[in-house]
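Note sheet for the following structure.
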Amino acid sequence: MLKATVHIAVPTAFNQDESLNVEATLAHIHDLHRQGAQSVLVSGSTGEQHSMNLEEKLMLLQAVTEDKKLCGHMEIIFGVASIRETEAVKLAAAIRGTGVAGILLGYPPYILPSQAEAVRYSEKIAEASNKPVILYNNPRRTGFDLSVDAILQLSRLEQVIGIKEAGDPSKVEFLRSKIDKEFYYYAGGDTGLEDKVKLGFNRLSSMAGNVYPVEIANWFGKLLSGEPVTQAEREQMSKRIDEVFSGAPLLRLKAAIQSKGISMGICRSPLGNSVDNIL
């Protein structure tokens, strides 16, 4: 099982020629660790995973797993998804036996697999990785919406321990009534957390945590515990989250990290093409 209630979905650093910058990516993760972050999601939900080829993902995986200060002291979750199942399985197999704590299993964009095809895709990746699996449903990004029936079917696999639901949040209420094992419901992103917790979300995949790791963790912990939240606290956290998510979130994240002296570089185009997105 994964222990951390919050993991931070870290952006991937790229050089000016759009080549992968492994060193800067790891430097940012180390900085988060120094600030008290317990878990990070690498090659995951900042929208950059599908811009990387299998070789680049394997390079990033190798660097993370060989860094004992990270794998030995943080819960590392690695994103696994591909438009080609064979490549996703190869990546999952490379994760097997490493210090990676678990995988986030996403679905291929554009091709619109059937529910049965998506289930088999998930089963093959889970089997290849032999790691705890968080399913990741984000229909707005992929065009594919994992059905409730498919989620219930996959939840019966011992390795499947949760779902990051970035689609219809009301699914969680129904799933909680049907899944009788310990299961984690990850909110995809930091907006609307109070309402999501009320629906039954009990974990968080955070982007704003890249800038405010301690504050986001404390805020989510307070919501989970049911502690009273003042209007001033709510407004302060809303302001912080809005700072990240207004305009171009990935560009804003990289600019904030860059201000600390970590060379996160650019986004791979077309992200960043518009002058309206220049910070």
Just verifying a value: how many Å separate [X] [atom1] and [Y] [atom2], rounded to the nearest 0.5 Å?
{"X": "Asn137", "Y": "Asp168", "atom1": "CG", "atom2": "CG", "value": "9.5 Å"}
{"X": "Met264", "Y": "Ser259", "atom1": "CE", "atom2": "OG", "value": "11.5 Å"}
{"X": "Asp145", "Y": "Leu112", "atom1": "CG", "atom2": "CG", "value": "11.0 Å"}

Answer whether the closest heavy-atom distance between the side chains of [X] and [Y] falls below 4.5 Å.
{"X": "Cys267", "Y": "Leu251", "value": "yes"}
{"X": "Asp149", "Y": "Gln115", "value": "no"}
{"X": "Phe201", "Y": "Leu193", "value": "no"}
{"X": "Met1", "Y": "Tyr184", "value": "yes"}
{"X": "Leu223", "Y": "Met237", "value": "no"}
{"X": "Asn210", "Y": "His28", "value": "yes"}
{"X": "Met74", "Y": "Ile29", "value": "yes"}
{"X": "Ile151", "Y": "Glu165", "value": "yes"}

Can you tell me if [X] uses its side chain to pair, donor with acceptor, with the backbone of [Y] under 3.5 Å?
{"X": "Arg203", "Y": "Ala4", "value": "yes"}
{"X": "Lys69", "Y": "His30", "value": "no"}
{"X": "Gln49", "Y": "Ser43", "value": "yes"}
{"X": "Ser238", "Y": "Glu235", "value": "no"}
{"X": "Glu75", "Y": "Leu2", "value": "no"}
{"X": "Glu56", "Y": "Asn53", "value": "yes"}
{"X": "Asn130", "Y": "Arg96", "value": "no"}

Around atom [atom1] of [X], are there more than 12 heavy atoms of other residues, nucleotides or ligands at under 6.0 Å?
{"X": "Lys181", "atom1": "NZ", "result": "yes"}
{"X": "Glu158", "atom1": "CD", "result": "no"}
{"X": "Lys90", "atom1": "NZ", "result": "no"}
{"X": "Glu55", "atom1": "CD", "result": "no"}
{"X": "Glu127", "atom1": "CD", "result": "no"}

Work out which heavy atom in [X] is nearest to a heavy atom in [Y]; give both atom names and the distance.
{"X": "Ile103", "Y": "Ser129", "result": "CD1-OG, 3.6 Å"}
{"X": "Gln159", "Y": "Lys131", "result": "NE2-O, 3.0 Å"}
{"X": "Tyr107", "Y": "Ser122", "result": "OH-OG, 2.7 Å"}
{"X": "Leu58", "Y": "Ala94", "result": "CD2-CB, 3.6 Å"}
{"X": "Phe183", "Y": "Val160", "result": "CE1-O, 3.6 Å"}
{"X": "Ala166", "Y": "Asn138", "result": "CB-CG, 3.7 Å"}

### Task
Output, in order, the C-alpha distance, side-chain angles, deciding distance and verdict of side-chain contact (heavy atoms from CB on, under 4.5 Å) for Tyr185 and Ile163.
CA-CA 5 Å; Tyr185 301 91; Ile163 183 166; 3.9 Å; yes
message: Hydrophobic clusters here meaning ILVMFWY residues chained together by side-chain heavy-atom distances under 4.5 Å, can you tell me if Leu61 and Met52 are in one?
response: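 Hydrophobic grouping puts Leu61 with Met52.
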Group every Ile, Leu, Val, Met, Phe, Trp and Tyr by side-chain heavy-atom contacts under 4.5 Å, then state whether Ile111 and Leu105 land in the same group. no
SB check [X] [Y] (cutoff 4.0 Å):
{"X": "Asp31", "Y": "Arg34", "result": "yes"}
{"X": "Arg120", "Y": "Glu123", "result": "yes"}
{"X": "Lys57", "Y": "Glu87", "result": "no"}

When Lys254, Arg268, Arg141 are each screened for salt bridge (Lys or Arg N to Asp or Glu O under 4.0 Å) with Glu48, the one that passes is Lys254
Which pairs would a plain distance check flag for residues 5-16, meaning a side-chain donor or acceptor within less than 3.5 Å of a matching protein atom at least two apart in sequence or in another chain?
from	atom 1	to	atom 2	distance (Å)
His7	NE2	Ser205	OG	2.8
Asn15	OD1	Asn21	ND2	3.0
Asn15	ND2	Ser19	OG	2.9

Does a donor on one side chain sit under 3.5 Å from an acceptor on the other, for Glu233 and Thr230?
->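 Glu233 vs Thr230: donor-acceptor pair found between side chains.
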Result for side-chain contact (heavy atoms from CB on, under 4.5 Å) between His73 and one of His33, Lys68, Gln38 points to His33
Sequence neighbours excluded, which residues qualify as ring pair (Phe, Tyr, Trp, His ring centres under 6.0 Å) partners of Tyr212?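 Applying ring pair (Phe, Tyr, Trp, His ring centres under 6.0 Å) to Tyr212 gives none.
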